[in-house]
Visitor: 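My structure is below; once you've seen it, I'll send some questions.
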Amino acid sequence: MNRKAIKYLKYLLIYLPLIALFGYEFKSIIIDRGKVILPDGSKVLPAELKTEKVLHAIAEEMNKMLPRVVDQDTKLTLVEAKEGELIYDYDKINKNADEFNSHEFIDLMKPKAIDLACHSYDLEAYLGHGVNLHYMFYGKDHKLIGGVLVSQLDCSL
């Protein structure tokens, strides 16, 4: 081997690991940029987020931590998914559904649901990518009281 070839080989051996590292960093910074990180740590493109398959995986991961008491009267019991929507099922612990005036209850809960969805980092990310959040409320008898649907539009009001 001549001196010039040895010099190039030496530079190649020195810089090859740096080039490989740069390639990996480029992939994670540039190519992965714009992906959404799911609760299980996997990444999806924003367009995939509202698919039933991805939302179902999110709901499954969330359901591992349920049921969970939210306050003295409310328990989050289940998260469900359908195309473009995550559905949160809440049980009111202390009253049956027929003990509520459903219209008054939903009028009271709607601003709270919008505030929660629009100001929670995780939920705001879902809304920003076209996923609607549907909060369903049930009495302790598991009968429906009513629901509140929150979309990105609600956050811009």
Side-chain angles (χ1 to χ4, degrees), residues 18-157:
L18 293 175
I19 292 169
L21 181 62
F22 175 78
Y24 177 78
E25 288 300 315
F26 178 81
K27 179 204 173 289
S28 65
I29 292 170
I30 304 299
I31 297 175
D32 286 349
R33 181 177 287 163
K35 289 191 176 177
V36 178
I37 300 171
L38 300 179
D40 67 359
S42 62
K43 298 175 184 176
V44 296
L45 294 171
E48 297 173 284
L49 185 59
K50 58 185 169 185
T51 63
E52 189 168 353
K53 178 183 176 187
V54 172
L55 291 175
H56 183 73
I58 292 169
E60 275 187 4
E61 196 66 28
M62 294 170 110
N63 283 324
K64 291 178 183 177
M65 299 179 285
L66 300 180
R68 189 158 110 202
V69 175
V70 178
D71 61 36
Q72 64 187 12
D73 298 317
T74 313
K75 177 172 54 172
L76 178 59
T77 57
L78 181 68
V79 178
E80 301 173 275
K82 67 178 190 179
E83 192 77 20
E85 190 171 284
L86 282 172
I87 304 156
Y88 296 87
D89 290 350
Y90 289 93
D91 283 350
K92 299 307 281 179
I93 300 168
N94 301 317
K95 293 183 180 178
N96 289 325
D98 63 1
E99 296 178 65
F100 288 91
N101 176 320
S102 64
H103 294 293
E104 286 179 10
F105 178 78
I106 295 305
D107 287 346
L108 179 69
M109 293 308 296
K110 186 169 185 160
K112 292 178 182 182
I114 290 171
D115 186 56
L116 170 69
C118 297
H119 295 102
S120 166
Y121 177 76
D122 295 336
L123 299 178
E124 187 179 4
Y126 294 138
L127 288 167
H129 293 296
V131 177
N132 294 325
L133 306 174
H134 205 158
Y135 299 96
M136 303 299 293
F137 298 94
Y138 297 88
K140 71 177 183 180
D141 56 355
H142 306 293
K143 291 183 181 174
L144 182 65
I145 300 167
V148 176
L149 180 65
V150 180
S151 71
Q152 180 61 38
L153 270 171
D154 294 307
C155 297
S156 59
L157 297 175

Visitor: Please confirm whether the backbone N or O of Leu133 pairs with a side-chain atom of Glu85, one donor and one acceptor, at under 3.5 Å?
Guide: no
Visitor: Start with the C-alpha gap between Lys75 and Val70, add the side-chain angles, then the distance that decides, and say whether side-chain contact (heavy atoms from CB on, under 4.5 Å) holds.
Guide: CA-CA 5 Å; Lys75 177 172 54 172; Val70 178; 6.0 Å; no
Visitor: Return the NZ to CG distance between Lys143 and Asn96, rounded to the nearest 0.5 Å.
Guide: 7.5 Å
Visitor: Any side-chain heavy-atom pair from Leu127 and Cys155 closer than 4.5 angstrom?
Guide: yes
Visitor: Please give me the minimum heavy-atom distance between Gln72 and Asn94, naming the atom from each residue.
Guide: O-ND2, 3.5 Å
Visitor: List the atom of Lys82, the atom of Leu55, and the distance in Å for their closest heavy-atom pair.
Guide: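 In terms of heavy atoms, the two residues are closest at O-CD1, 3.3 Å.
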Visitor: How close do Val148 and Ala113 get, heavy atom to heavy atom, and via which atoms?
Guide: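 That would be CG1-CB, 3.9 Å.
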Visitor: Indicate the atoms forming the closest heavy-atom contact of Leu86 with Ala81, along with that distance.
Guide: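 Heavy atoms only, the tightest pair is CD2-CB, 4.2 Å.
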Visitor: Roughly how far, to the nearest 0.5 Å, is CG of Asn132 from NZ of Lys50?
Guide: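 So the gap between those two atoms works out to 9.0 Å.
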Visitor: Backbone N or O of Pro111 within a donor-acceptor pair of the Asp115 side chain at under 3.5 Å?
Guide: no
Visitor: Just verifying a value: how many Å separate Met136 CE and Asp91 CG, rounded to the nearest 0.5 Å?
Guide: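 Nearest 0.5 Å value for the CE-CG distance: 11.5 Å.
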Visitor: Working note: Asp73 + Ile93, criterion side-chain contact (heavy atoms from CB on, under 4.5 Å); need CA distance, chi angles, decisive distance, verdict.
Guide: CA-CA 5 Å; Asp73 298 317; Ile93 300 168; 5.7 Å; no
Visitor: Is there side-chain contact between Leu49 and Tyr126, with heavy atoms separated by less than 4.5 Å?
Guide: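 Yes - at least one pair of side-chain heavy atoms lies under 4.5 Å apart.
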Visitor: If you round to the nearest 0.5 Å, how far is CZ of Arg68 from OH of Tyr90?
Guide: 8.5 Å
Visitor: Hey, does Ile114 have a side-chain heavy atom less than 4.5 Å from the side chain of Lys110?
Guide: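 Counting from C-beta outward, Lys110 and Ile114 do come under 4.5 Å.
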Visitor: So which atom in Asp141 and which in Ala97 form the shortest heavy-atom distance, rounded to 0.1 Å?
Guide: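 Here Asp141 and Ala97 meet closest at OD1-N, 3.2 Å.
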Visitor: Is His134 atom NE2 crowded by more than 12 heavy atoms from other residues, nucleotides or ligands, each under 6.0 Å away?
Guide: yes
Visitor: Drop me the distance from Leu116's CG to Lys112's NZ, to the nearest 0.5 angstrom.
Guide: 11.5 Å
Visitor: Under 3.5 Å, is there a donor-acceptor pair between the side chain of Thr74 and the main chain of Asp71?
Guide: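 A pair under 3.5 Å: no.
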Visitor: Ignoring hydrogens and angles, tell me if any N or O in the side chain of Glu48 forms a donor-acceptor pair with the backbone of Leu45 under 3.5 Å.
Guide: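 Confirmed, Glu48 side chain pairs with Leu45 backbone.
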Visitor: For Phe105, what residues pass the ring pair (Phe, Tyr, Trp, His ring centres under 6.0 Å) criterion, not counting sequence neighbours?
Guide: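 Partners of Phe105 by the ring pair (Phe, Tyr, Trp, His ring centres under 6.0 Å) criterion, ordered by chain and then number, come out as Phe100, Phe137.
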Visitor: To the nearest 0.5 Å, how far apart are CD in Glu80 and OH in Tyr88?
Guide: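 Atom-to-atom, Glu80:CD and Tyr88:OH are 12.0 Å apart.
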Visitor: Just by distance, do the side chain of Thr77 and the backbone of Asp89 share a donor-acceptor pair under 3.5 Å?
Guide: yes
Visitor: Looking only at heavy atoms, which two atoms of Glu124 and Gln152 are closest? And how far apart?
Guide: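 Between these two residues, the closest heavy atoms are O-OE1, 4.5 Å.
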